[in-house]
Amino acid sequence: MIIFAVVKRPFTRIMKEKNRTFETISEYYAGHRDELLGYVERQLQYAAIAEDIVQDVFLRLLRSDKMITPVTLPGLVHTITRRLIYDYWRRRRSAEEFEHYLASHPQTQANDVASVYSSAEMHQLLERGIVRLSERQRQVYSMNVFEGMKVKEISEALQMNYKSVENHLGAARREMRTYVARMLA
């Protein structure tokens, strides 16, 4: 019979390794923060954002569960910094493309419901549209839209035929679409 001995690292040893890692990161931060900040500022041309990125680099290092040594730390810092800079430029480019799209399509802004009507006005508009429906359509539509019930659940709750509920819901939706479109025009 072979007995395998399981070697467990004591908790204090793990904590000592963590403390060593934190000390390594803090020493690197103290010695290279300004150098890294200068590099990020040159890449981004925005001082406030550069400071945020440098802080984010070291926060990610402190949260990391990877083995960090004085030898691996510079490469890890460079990789994290480079990726955060790429992410910044990617987000910036997407925002600029969207701004360009909005500027080149002014009709989109003019027809945007959110820019014309407040949520309270839209709610009142919907209520007025629902009142125009027949009693059965109003009941089915309200259960579907406001209570989130599916057609099967509505048919069981109202003890109606499934197809009948489907027809009432379809008619109510068509009526509401035409009413809202007419009122927003």
Side-chain angles (χ1 to χ4, degrees), residues 9 11 14-127 129-130 141-142 144-150 169 173-174 176-185:
R9 294 189 300 182
F11 181 72
I14 293 172
M15 289 307 296
K16 285 181 184 177
E17 289 175 12
K18 268 290 196 204
N19 286 338
R20 246 183 281 140
T21 301
F22 288 158
E23 288 173 10
T24 303
I25 293 170
S26 66
E27 288 172 8
Y28 189 87
Y29 178 79
H32 297 280
R33 179 195 167 278
D34 293 334
E35 175 186 338
L36 188 62
L37 184 61
Y39 169 73
V40 175
E41 284 177 350
R42 284 190 306 277
Q43 297 295 319
L44 298 181
Q45 301 153 354
Y46 302 104
I49 297 169
E51 180 69 36
D52 291 344
I53 286 180
V54 170
Q55 287 179 2
D56 197 26
V57 167
F58 287 100
L59 281 175
R60 287 182 184 208
L61 286 170
L62 290 171
R63 292 184 191 143
S64 175
D65 58 349
K66 295 180 173 144
M67 187 174 88
I68 298 174
T69 65
V71 174
T72 62
L73 187 59
L76 197 55
V77 166
H78 177 71
T79 301
I80 293 171
T81 304
R82 185 172 34 104
R83 288 181 181 166
L84 288 174
I85 291 170
Y86 289 161
D87 288 345
Y88 168 79
W89 283 115
R90 193 176 306 117
R91 284 190 309 272
R92 174 101 184 236
R93 188 181 77 222
S94 296
E96 287 174 355
E97 286 174 0
F98 185 68
E99 288 172 0
H100 175 71
Y101 172 79
L102 288 177
S104 64
H105 294 84
Q107 71 276 9
T108 304
Q109 294 174 353
N111 294 334
D112 187 14
V113 175
S115 66
V116 178
Y117 293 97
S118 71
S119 63
E121 291 171 327
M122 286 302 296
H123 188 70
Q124 288 175 353
L125 182 69
L126 289 174
E127 284 179 354
I130 290 172
Y141 186 78
S142 296
N144 179 260
V145 172
F146 298 119
E147 296 175 28
M149 295 175 75
K150 297 182 176 165
L169 185 58
R173 286 179 176 165
R174 278 190 300 279
M176 287 298 293
R177 260 188 304 236
T178 57
Y179 176 75
V180 170
R182 190 172 61 241
M183 296 307 290
L184 293 178

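The analysis underlying the following values was restricted to heavy atoms, covering all of them including side chains, and did not include hydrogens, waters or symmetry mates. Since this is a predicted model, take the numbers as computed values, not measurements.
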Below 4.5 Å, heavy atoms only, C-beta onward: do [X] and [Y] meet side chain to side chain?
{"X": "I130", "Y": "F146", "result": "yes"}
{"X": "T81", "Y": "Q43", "result": "no"}
{"X": "Y179", "Y": "L125", "result": "yes"}
{"X": "V145", "Y": "M176", "result": "no"}

From [atom1] ([X]) to [atom2] ([Y]), nearest 0.5 Å:
{"X": "R174", "Y": "L169", "atom1": "CZ", "atom2": "CG", "value": "9.5 Å"}
{"X": "I80", "Y": "L76", "atom1": "CD1", "atom2": "CG", "value": "4.0 Å"}
{"X": "L44", "Y": "I53", "atom1": "CG", "atom2": "CD1", "value": "4.5 Å"}
{"X": "I49", "Y": "L84", "atom1": "CD1", "atom2": "CG", "value": "12.5 Å"}

Pairs flagged by salt bridge (Lys or Arg N to Asp or Glu O under 4.0 Å) wherever residues 70-84 is involved - sequence neighbours left out: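 Every pair satisfying salt bridge (Lys or Arg N to Asp or Glu O under 4.0 Å) with a residue in residues 70-84: there are none.
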Pairs where residues 28-47 contributes a residue and the test salt bridge (Lys or Arg N to Asp or Glu O under 4.0 Å) is met, not counting sequence neighbours: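 Residue pairs passing salt bridge (Lys or Arg N to Asp or Glu O under 4.0 Å), neighbours aside: R33-E51.
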Backbone of G75 reached by a side-chain donor or acceptor of T79 within 3.5 Å: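 Answer holds: yes.
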Whether T24 side chain and R20 backbone form a donor-acceptor pair below 3.5 Å: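 Yes, because the side chain of T24 sits within donor-acceptor range (under 3.5 Å) of the backbone of R20.
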Check against side-chain contact (heavy atoms from CB on, under 4.5 Å), D87 and R91: CA-CA 6 Å; D87 288 345; R91 284 190 309 272; 3.6 Å; yes
Over all atoms of both residues, closest heavy-atom pair of L126 and V180: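 What the structure gives for the nearest pair is CD2-CG2, 4.1 Å.
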For the student: nearest non-hydrogen atoms of V54 and L37, plus distance: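 That would be CG2-CA, 3.8 Å.
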Residue pair R90 / Y86, side-chain donor-acceptor N/O under 3.5 Å: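 There is no such pair (donor and acceptor under 3.5 Å, judged by atom type) between the side chains of R90 and Y86.
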Geometric class of the Y28/F58 ring pair [parallel <30°, tilted 30-60°, perpendicular >60°]: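 The arrangement is tilted - the two ring planes meet at 30° to 60°.
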